[in-house]
Amino acid sequence: MNTIPLDYEILRLIWWALLGILLMGFAVMGGNDLGVGALLPFVARNDEERRVVINIVGPTWEGNQVWLVLGGGAIFAAWPALYAVSFSGFYLAMITILLALILRPVAFKFRGKMKDPTWRSTWDWALFIGGFVPALIFGVAVGNVLLGVPFDLDATLRASYTGNFFGLLRPFALLSGLLSVSMLVAHGAAVIALRTNGKVAERARLYGRAAALASILLFAVGGLWVSMMNGYAVTSVQDALGPSNPLYKTVSLVSGGWLSNYATHPWMIAAPVLGFVGSLLAFVGLSGRASKTALLGTTIAIVGTIATAGLSLFPFLLPSSIDPAASLTVWDASSSHLTLFIMLIATIVFLPIVLLYTGFVFRVMRGTVTPTSLGRNPNAY
Amino acid sequence: MIDFTVVDLARLQFAATALYHFLFVPLTLGLSFLMAIMESVYVMTGREVWRRMTLFWGTLFGINFAMGVATGIVMEFQFGMNWSYYSHYVGDVFGAPLAIEGLMAFFLEATFIGLFFFGWDRLPKAGHLVVTWLVALGANFSALWILIANGWMQNPVGSTFNPDTMRMEVSDFAAVLFNPVAQAKFVHTVSAGYTTGAMFVMAISAWFILRGRHLDLAKRSMAVAASFGIASALSVVVLGDESGYVATEHQKMKIAAIEAMWHTEPAPAGLTIFALPGKDGNRFEVKIPWILGLMTTRSLDKEVPGILPLVEHAKDRIRNGMVASTDLDAIRKDPKNQEARAAFAKNWPDLGYALLLKRYREDIQNATPEQIDQAARDTIPDVGTLFWSFRIMVALGLYMIAFFATAFVLSSLHKLGNNRTLLKIAVWSLPVPWLAIESGWLVAEYGRQPWAIEGVLPTFYAASGLSVIDMLISLSFFLILYTALLVVMVILMVKTIKAGPGDYSMLEGAPDTDRLPQSAAA
């Protein structure tokens, strides 16, 4: 294995960062579509207005959703233990997300194929569910990760999960879900405000401002809450170059433990600061007519908030509440040294190409969407 | 303990969602190429009808594609959700092609599909043509990576079991990429997709011609579909044979079951064309001498092993796997035990066979000879289903060659549009490629049982530790939603077809420079 030019520890760190970047990629790219979906019935009140909103994201939402698909694939490939435990552990939550996400593509495509108002409003609500429900549950899931998840591993590393769906709905997790919804709604609102005008944009600014304020408030309450709840700490020496077996360590609970990284590495405070600054910027941008500033703000808020969660947990990926020693960490839940390296090469080759053509498509599709501009294209939704 | 009801429900869910997803994928593969061909003709000749063809078939493509996207995400997430131990056990190898599929294929396809629909009046002609080709290319790359992943399930090369992490890990990624099973499956599967696209275009165009509607569009579409169809249908069968040849090297049991061949015959073996397979042999069979041996080994003297001798062989592997399992326990107790490590390094390839015993007892090292016999018999897949689904697939494949050959000849003689018999046959042949493909899925994946990963991980051992209630909830939600969506989709497809090609004139005059329409410049 000494033919691999990067050592195992570095590769694990890189893949931890890439995991964060892919989740941010989905939250920023796919998240604006989710936010737009969640806002759809409220900012757009008649069929023409709704068509405008839907067609703002219509040409690009499919590419954006691939960030989620890639996120799932990358967790499978780089963090198989995390993929195995979290996807089966959050079972009914995942099913709910899937059902919501199944509705989305068909809602986009099918809605415009018939003129009947009931038909169209049914798909509008499908788009709402397809946006709101995943936004909420992804947040609830992150909240549960911070709280610890009830799973253990047997000697063959088979995971057993003792929780259930309603066990996920703990107060802190719900708060985290609401934070996720407000951030993505503010994000979607900024996109709508940027891409259309008139009443729809006005309403989007209003909802967006409220959502940005809610994000600031919920993020602050969340931070205080985290400072008072139990975090986890590895109490044995963990070999960063060792085999990926979560049972080789011991772990204990420490009150306020999720904040200890900020004491050791004060620069990490930049992440929560970005979370606040971003939402503030979004609020200011949406109050004026600076929609681009607002979009920059919501993007910074999302990146800062996800980074905060990741840095607080580090080196944990998924703490276990019933058997803390079985918790998954960056040093014991990754793929093999070789797989991490191969996947890194694939990412370095392909991700820049993806970013390049995504940028191209957004450039071609830029501009204001209005009822007149829609009339031109029979393929429009 | 493993709950076998959960395992059965997880398997049912996988089969249902995979078969359902696979209603849409082949059409995406085939139709995207047909659209790219039509648009190429438009760009080269400048003749408007070819653009209308691209747009009309594009509308149907879009409806189908939405269903493919909606059901595809379930496929990816399902491994972690229902097959948690599988994900842990082989994620190091199996996850990589899935992730690369996202990076290389899905992004390409999904990013440009938006531009395909929305970019007509924003891109120059040649630019839009490139977009259409990129969508087709993305769809095909996606098939490549998913079949590299699937090929590894059938023939797990380039990987080793690591006793410290209790899972399979990549040792030679090139071997995973260039897995001969994956290569053969890729060509076989995409050709089947092209055939599906061709049949779809043939059937709908024939329906238009029979009603005297949209003749210019329908006749040209048929001509393209006939030539594309004959090339694809031939390559499905020719390269399907390649797939069978490869399987004899690695999946002898599957071939024996497909042929319902219980005993090894003197070479070259005969081909059974009719049989009623039972538990230990066939109650009735009709054989053609020599053919099977020639087809699968391409020689006169190599034997094709039968089911029962393969079961005997499995017993040896189970016994050796029990030794590997003892070594593994010793390593777990004392990771420094070099003697156990050396022994395990030699015996691990049979560990999967010993895991078959987990169905009968936890402490597999103490299995009785009867339990070993039972576990060895478990390696026999469902012979009757395999035998017949294979024959249905082959018969339909041959039918499609005959159909497309006739259509191609008539089309070359410019007689295709007047031959009402063939047109009617074309309309009624619409479901044929789907029946063939779903039978093919059964042969490949149901035929892989009892293994999730051939020889490495038994299916029942790979499932998540969920409750029956969880599984029933998810399965019923999927079935209800999928059924409802299928009904809606068919209604929309029929409505779109009946309406025929629309008025696409507002998209005319696509700019030849990178000029944006006024509304976009604001």
Side-chain angles (χ1 to χ4, degrees), chain A residues 58-60 62-63 65-66 69-70 72-74 76-77 80-81 83-84 87-88 91-92 94-95 98-99 101-102 105-106 108-110 113 155-161 243-245 335-336 338-339 342-343 346-347 350-351 354 357-358 361 364-368 370 372-373 376-379, chain B residues 62-63 66-67 69-70 73-74 76-77 79-81 84-85 87-88 91-92 95-96 98-104 106-107 110-111 113-115 117-119 121-123 162 164-166 169-170 173 332 464-466 470 473-474 477 481 485 488 492 502 504 506-507 516-517 519-522:
Chain A
T60 44
E62 268 158 327
Q65 179 158 295
V66 180
V69 177
L70 177 60
F76 199 171
Y83 177 77
F87 279 48
S88 62
Y91 193 70
L92 292 179
M94 294 301 298
I95 289 287
L98 281 181
L99 294 176
L101 290 180
I102 290 170
V106 282
F108 274 112
K109 201 76 205 178
F110 290 1
K113 302 273 178 209
T156 63
L157 300 187
R158 182 184 290 273
S160 320
Y161 189 84
S244 285
N245 188 326
S335 287
S336 64
L338 180 60
T339 297
I342 292 164
M343 289 304 302
T347 310
F350 290 113
L351 203 57
V354 169
Y357 61 63
T358 303
V361 170
V364 172
M365 293 314 302
R366 73 179 185 271
T368 310
T370 60
T372 349
S373 74
R376 302 172 52 83
N377 189 346
N379 282 329
Chain B
I63 297 173
M67 295 291 284
V69 173
I73 196 161
V74 176
E76 190 201 25
F77 282 25
F79 289 107
M81 292 166 66
S84 158
Y85 200 58
S87 305
H88 153 74
D92 194 82
L98 287 198
I100 299 175
E101 179 185 21
L103 270 171
M104 185 179 170
F106 281 152
F107 262 124
T111 305
I113 190 86
L115 220 45
F117 288 111
F118 289 84
D121 55 353
R122 289 177 181 240
L123 291 167
N162 180 343
D164 295 309
T165 55
M166 289 299 295
E169 292 182 356
V170 172
F173 194 64
R332 269 213 303 272
S464 302
L466 294 161
D470 285 337
I473 291 174
S474 59
F477 272 132
L481 191 60
L485 288 180
V488 175
L492 283 182
Y504 306 120
M506 56 282 277
L507 294 177
L516 293 171
S519 60

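Note that these values count all heavy atoms, side chains included, but never hydrogens, waters or copies made by symmetry. Quick note on labels: first sequence line is chain A, next is B, and so on, each numbered from 1.
- A donor-acceptor distance shorter than 3.5 angstrom exists from the side chain of B:Glu76 to the backbone of A:Gly73, with no hydrogens or angles considered.
- Contact of B:Ile63 with chain A is made through backbone and side chain together, with heavy-atom distances under 4.5 Å.
- When heavy atoms are compared at a cutoff of 4.5 Å, B:Ser464 approaches chain A solely by way of its side chain, counted from C-beta outward.
- Only the side chain of B:Tyr85 comes within contact range of chain A, with heavy atoms under 4.5 Å apart.
- Looking at A:Thr156, both its backbone and its side chain come within 4.5 Å of chain B, counting heavy atoms on both sides.
- When the candidates A:Val69, A:Leu351, A:Asn245, A:Thr358 are compared by the number of heavy-atom contacts under 4.5 Å with chain B, A:Val69 comes out ahead.
- For the pair A:Phe87 and B:Gly80, the tightest heavy-atom approach, listed with the atom from each and the gap, is CB-C, 3.5 Å.
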| query | Where do B:Leu115 and A:Met365 land on the side-chain contact (heavy atoms from CB on, under 4.5 Å) test, with the steps shown first? | reply | CA-CA 8 Å; B:Leu115 220 45; A:Met365 293 314 302; 3.7 Å; yes

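- Residue A:Tyr357 places its OH atom among more than 12 non-hydrogen atoms of other residues, nucleotides or ligands, all under 6.0 Å distant.
- In terms of heavy-atom pairs under 4.5 angstrom with chain B, the leader among A:Leu70, A:Val361, A:Val66 is A:Val66.
- The two residues A:Met343 and B:Ala99 make their nearest non-hydrogen contact at CE-CB, 3.3 Å.
- Between A:Tyr91 and B:Asp470, the shortest heavy-atom distance links the atoms CE2-O, 3.6 Å.
- When all heavy atoms of A:Ser88 and B:Leu466 are compared, the closest pair comes out as O-CD2, 3.6 Å.
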| request: Show your working on side-chain contact (heavy atoms from CB on, under 4.5 Å) between A:Val106 and B:Val488 and close with a plain yes or no. | output: CA-CA 10 Å; A:Val106 282; B:Val488 175; over 6 Å; no

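- The candidate from A:Arg158, A:Lys113, A:Gln65 with the greatest count of non-hydrogen atom pairs under 4.5 Å with chain B is A:Arg158.
- Residue A:Ala346 touches chain B through both its backbone and its side chain, counting heavy-atom pairs closer than 4.5 Å.
- Interface remark: B:Ile73 contributes backbone and side-chain atoms alike to the contact with chain A (heavy atom separation under 4.5 Å).
- The nearest pair of heavy atoms linking B:Ser87 to A:Tyr83 is OG-CE2, 3.4 Å.
- Residue A:Leu98 touches chain B through its side chain alone, counting heavy-atom pairs closer than 4.5 Å.
- The nearest pair of heavy atoms linking B:Ile113 to A:Glu62 is CG2-OE1, 3.0 Å.
- At a 4.5 Å heavy-atom cutoff, A:Thr60 makes no contact with chain B through either its backbone or its side chain.
- Contact check for B:Leu485 versus A:Ile102: side-chain heavy atoms found under the 4.5 Å cut-off.
- B:Leu492 touches chain A through its side chain: at least one heavy atom from C-beta onward sits under 4.5 Å away, while N, CA, C and O do not.
- In terms of modelled atom types and a separation under 3.5 Å, the side chain of B:Ser84 and the main chain of A:Ala84 share a donor-acceptor contact.
- For the set B:Gly119, B:Gly114, B:Ala110, B:Gly102, the count of heavy-atom pairs under 4.5 angstrom toward chain A peaks at B:Ala110.
- A:Leu157 contributes atom CG, which lies 4.5 Å from atom NE2 of B:His88 (distance to the nearest 0.5 angstrom).
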